[in-house]
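Notes follow once the structure below has been shown.
Please read all numbers here as calculations on a predicted model, not as lab measurements. Along the sequence shown, residues are numbered consecutively beginning with 1.
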Amino acid sequence: MKPKNKFHAQVLEASKTLPKLTKEQIKWGYNNGIDYIGHRTGKGVITCTKCGHSWQGECELINTLLGCNCPSCKTKLKVEITKKRVFSGSYYMTIVTACEGFQVLRTVMIKCVAKVGETTKYTHSEVMQRWIAPNGKHATFARLRQTMGTCYYDSWIFHTPLELRQEIDVYNRVYTGVVYPRQKLIPELKRTGYEKALYGQKPLDLFRTLLTDSRAETLIKAGQTQLLKRIMDTGWKNIGNYWQSIRICIRNGYKIKDAALWCDYIDFLRFFGKDLHNAKYVCPTNLNAEHDRYMRKKAKADARQELEKQLEKEADYRKAKEKFFGLVFSDGLINIRVLESVAEIVLEGKAMHHCAGSYHSKTDSLILSACIDGKRIETIEVSLSQLKVIQSRGICNKNTEHHSRIIQLVESNIPLIEKRLAA
Ligand SMILES: [Zn+2]
């Protein structure tokens with residue numbers, strides 16, 4: 001892609017001065033970015049796929065459960081008992097560097113092919129670069145990817161040039177892999193307090209957030225990194241929901257350890273209209289207990305709201321089903337009647353622990369309750385268009401011993417329903 005604007009042109013110009021990857025960096029990637037296998041034969045001879053050394057291993061269980069280290073090259077190996085003779089794998093490493101005032105992330109794919117009894121062969125290719133300006137703006141260089149006939153989004157075509165490309169989401173999904181420990185930072189990023197910890201984030205996201213929003217910097221410097229992680233995990237734009245309370249915590253030296261729980265708790269406080277500036281609320285001594293207390297309160301409030309919402313539909317229900325009210329069928333033992341209000345249906349669903357409680361809004365359904373001596377046995381749903389029973393359920397959706405008898409009783413009285421339907 002030709003540079004589309006001044007920013008692109010600047011990045012392109014700067015990229016010409018970016019040095020080649022060093023042998024040291026690549027070697028580090030091979031040593032740290034690959035999961036090496038210990039190939040174990042049926043007789044217990046292990047071959048290290050990193051250096052090719054073979055030796056008689058310990059008992060199978062120990063090696064499999066605890067893993068093992070190659071006695072020759074000391075690499076930690078994942079032991080696999082297999083007849084396979086060739087192991088290959090692709091991995092990523094990322095190098096964090098600075099160039100001409102830009103923060104640069106260089107992503108390298110490393111591949112290894114190990115054959116038992118042979119020296120392992122390695123290859124690498126730098127497949128992507130993200131160039132980040134001090135203001136957080138970024139551009140991406142990448143090789144082309146094969147997109148036809150593959151389900152992988154990172155089937156890089158290695159002979160294509162590492163070129164400025166249009167920004168697409170795929171680049172954000174490419175795995176970061178291991179991060180080379182020696183990092184070069186632009187001063188703007190260094191000032192934010194970034195100290196090589198990524199808090200479970202992709203470097204691009206973390207760096208851009210740190211460079212564009214001073215609140216991220218504040219969180220790092222105040223040691224509230226759990227919060228930084230949590231809020232980035234759930235979308236950084238949510239920071240606004242918590243920021244006023246976070247400031248109170250920082251001012252009071254209140255360290256948030258379980259950030260997910262704390263954020264949930266703040267959401268509860270907001271729901272109940274509590275003062276989010278008040279340390280009494282936002283810095284609880286026992287977060288767990290307070291969280292649980294509000295959670296129960298919220299569950300109750302939700303249930304009440306849900307009920308109110310359903311009861312509002314009372315008039316609609318009456319209008320739709322009124323003509324069936326008063327219908328009762330009995331065979332002497334079982335009494336079946338049409339439920340005559342939303343409240344009755346909700347109550348039925350609650351008493352029977354099934355989902356009939358929401359069925360009042362189903363226009364094609366008529367809900368009836370089967371009782372013996374006033375005790376609920378099953379709840380019946382009749383389809384008005386098909387004029388037949390579509391389900392009959394006892395407590396917790398189980399059928400009772402009266403199940404077939406109930407269905408029979410309703411089916412034999414379908415003409416009564418039909419007559420009302422026609423009226
Ligand atoms: Zn080895």
Side-chain angles (χ1 to χ4, degrees), residues 260 264 267-268 271-272 289 291-423:
D264 271 5
D267 292 340
F268 289 144
F271 178 85
F272 288 107
H291 171 273
D292 291 356
R293 192 165 72 82
Y294 274 97
M295 187 171 66
R296 284 193 296 273
K297 216 169 141 179
K298 176 77 167 45
K300 246 187 213 166
D302 284 350
R304 196 177 308 130
Q305 200 188 16
E306 177 61 28
L307 186 65
E308 274 164 15
K309 224 166 71 193
Q310 296 197 356
L311 291 178
E312 272 169 23
K313 293 178 188 147
E314 198 66 75
D316 293 343
Y317 179 75
R318 170 161 281 273
K319 207 172 140 200
K321 304 286 159 64
E322 195 169 21
K323 58 173 112 174
F324 303 101
F325 290 0
L327 264 183
V328 180
F329 326 130
S330 178
D331 63 359
L333 174 72
I334 300 165
N335 291 299
I336 298 177
R337 58 182 281 272
V338 171
L339 294 176
E340 295 185 2
S341 67
V342 172
E344 257 195 343
I345 293 178
V346 170
L347 206 62
E348 176 91 3
K350 205 157 173 77
M352 301 291 275
H353 303 286
H354 55 42
C355 56
S358 59
Y359 283 14
H360 54 82
S361 54
K362 290 173 95 173
T363 47
D364 188 48
S365 297
L366 188 64
I367 308 300
L368 304 98
S369 177
C371 296
I372 297 177
D373 291 336
K375 188 171 172 280
R376 291 186 181 88
I377 307 297
E378 290 194 14
T379 310
I380 306 118
E381 182 182 10
V382 170
S383 162
L384 291 171
S385 59
Q386 301 174 60
L387 286 169
K388 67 173 194 189
V389 173
I390 48 178
Q391 62 174 335
S392 181
R393 303 290 181 117
I395 286 180
C396 300
N397 287 317
K398 290 198 184 79
N399 291 340
T400 64
E401 54 180 314
H402 307 289
H403 185 65
S404 353
R405 193 166 160 180
I406 289 169
I407 292 178
Q408 223 166 34
L409 182 56
V410 177
E411 303 257 302
S412 63
N413 283 290
I414 286 288
L416 292 178
I417 296 175
E418 202 176 359
K419 210 168 127 192
R420 300 250 179 149
L421 193 61

| message | Go through it in stages, so that I can follow the logic: the residues are Lys321 and Leu384, the test is side-chain contact (heavy atoms from CB on, under 4.5 Å), and I'd like the CA-CA distance, side-chain angles, deciding distance and then a yes or no. | response | CA-CA 11 Å; Lys321 304 286 159 64; Leu384 291 171; 4.1 Å; yes
| Could you walk me through whether Gln391 and His354 pass the side-chain contact (heavy atoms from CB on, under 4.5 Å) check? | CA-CA 12 Å; Gln391 62 174 335; His354 55 42; over 6 Å; no
| field | salt bridge (charged side-chain N to carboxylate O under 4.0 Å, His left out) between Glu312 and Lys309, intermediate numbers included | value | CA-CA 5 Å; Glu312 272 169 23; Lys309 224 166 71 193; over 6 Å; no
| So Lys298 and Asp302, salt bridge (charged side-chain N to carboxylate O under 4.0 Å, His left out) or not? Walk me through it. | CA-CA 6 Å; Lys298 176 77 167 45; Asp302 284 350; 3.0 Å; yes
| Does the side-chain contact (heavy atoms from CB on, under 4.5 Å) test come out yes or no for Asp331 and Ile336, once each step is laid out? | CA-CA 9 Å; Asp331 63 359; Ile336 298 177; over 6 Å; no
| query | Where do Ile406 and Ile377 land on the side-chain contact (heavy atoms from CB on, under 4.5 Å) test, with the steps shown first? | reply | CA-CA 9 Å; Ile406 289 169; Ile377 307 297; 4.1 Å; yes
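When all heavy atoms of Ala356 and Thr379 are compared, the pair lying nearest together is CB-CG2, 4.1 Å. In terms of heavy-atom proximity, Ala351 sits nearest to Arg376 at CB-NH1, 3.4 Å. Contact record, Ala301 with Phe271: CB-CE2, 4.0 Å, taken as the closest heavy-atom pair. In this structure, Ser369 and Ile380 approach most closely via the heavy-atom pair C-CD1, 4.4 Å. Scanning both residues, Ser383 and Asp364, for their nearest heavy atoms gives OG-OD2, 2.8 Å.
More than 12 heavy-atom neighbours from other residues, nucleotides or ligands sit within 6.0 angstrom of CD on Glu411. Under a cut-off of 6.0 angstrom, the local environment of NZ in Lys398 is sparse, with at most 12 non-hydrogen atoms contributed by other residues, nucleotides or ligands. No more than 12 heavy atoms of other residues, nucleotides or ligands sit less than 6.0 Å from atom NZ of Lys388. The 12-atom threshold is exceeded at NZ of Lys362, counting heavy atoms of other residues, nucleotides or ligands nearer than 6.0 Å.
Lys323 contributes no side-chain N or O that, together with a main-chain N or O of Ala422, makes up a donor-acceptor pair within less than 3.5 Å. At least one donor-acceptor pair closer than 3.5 Å links the side chain of Arg420 to the backbone N or O of Phe325. Between the side chain of Glu314 and the main chain of Val342, a donor-acceptor pair closer than 3.5 Å is present. Without hydrogens or angle criteria, Glu340 side chain to Gly326 main chain gives a donor-acceptor distance under 3.5 Å.
For the atom pair CE of Met352 and SG of Cys396, the computed distance is 9.0 Å after rounding to the nearest 0.5 Å. Taken from CG in Leu347 to CG in Leu339, the straight-line distance is 9.5 Å, to the nearest 0.5 Å. The OG1 atom of Thr400 sits 7.5 Å away from atom CD1 of Ile334, with the distance rounded to the nearest 0.5 Å. Ile395 contributes atom CD1, which lies 6.5 Å from atom NE2 of His353 (distance to the nearest 0.5 angstrom). Note that CD of Gln408 and CG of Asn413 are 11.5 Å apart. Values are rounded to the nearest 0.5 Å. Between atom CG of residue Leu368 and atom CG of residue Asn335 there is a gap of 12.5 Å, rounded to the nearest 0.5 Å.
Aromatic ring pairs are classed by plane angle as parallel below 30°, tilted from 30° to 60° and perpendicular above 60°; the pair Phe272 and Tyr294 is tilted.
Between the side chains of Glu378 and His402, no donor-acceptor pair of N or O atoms lies under 3.5 Å.
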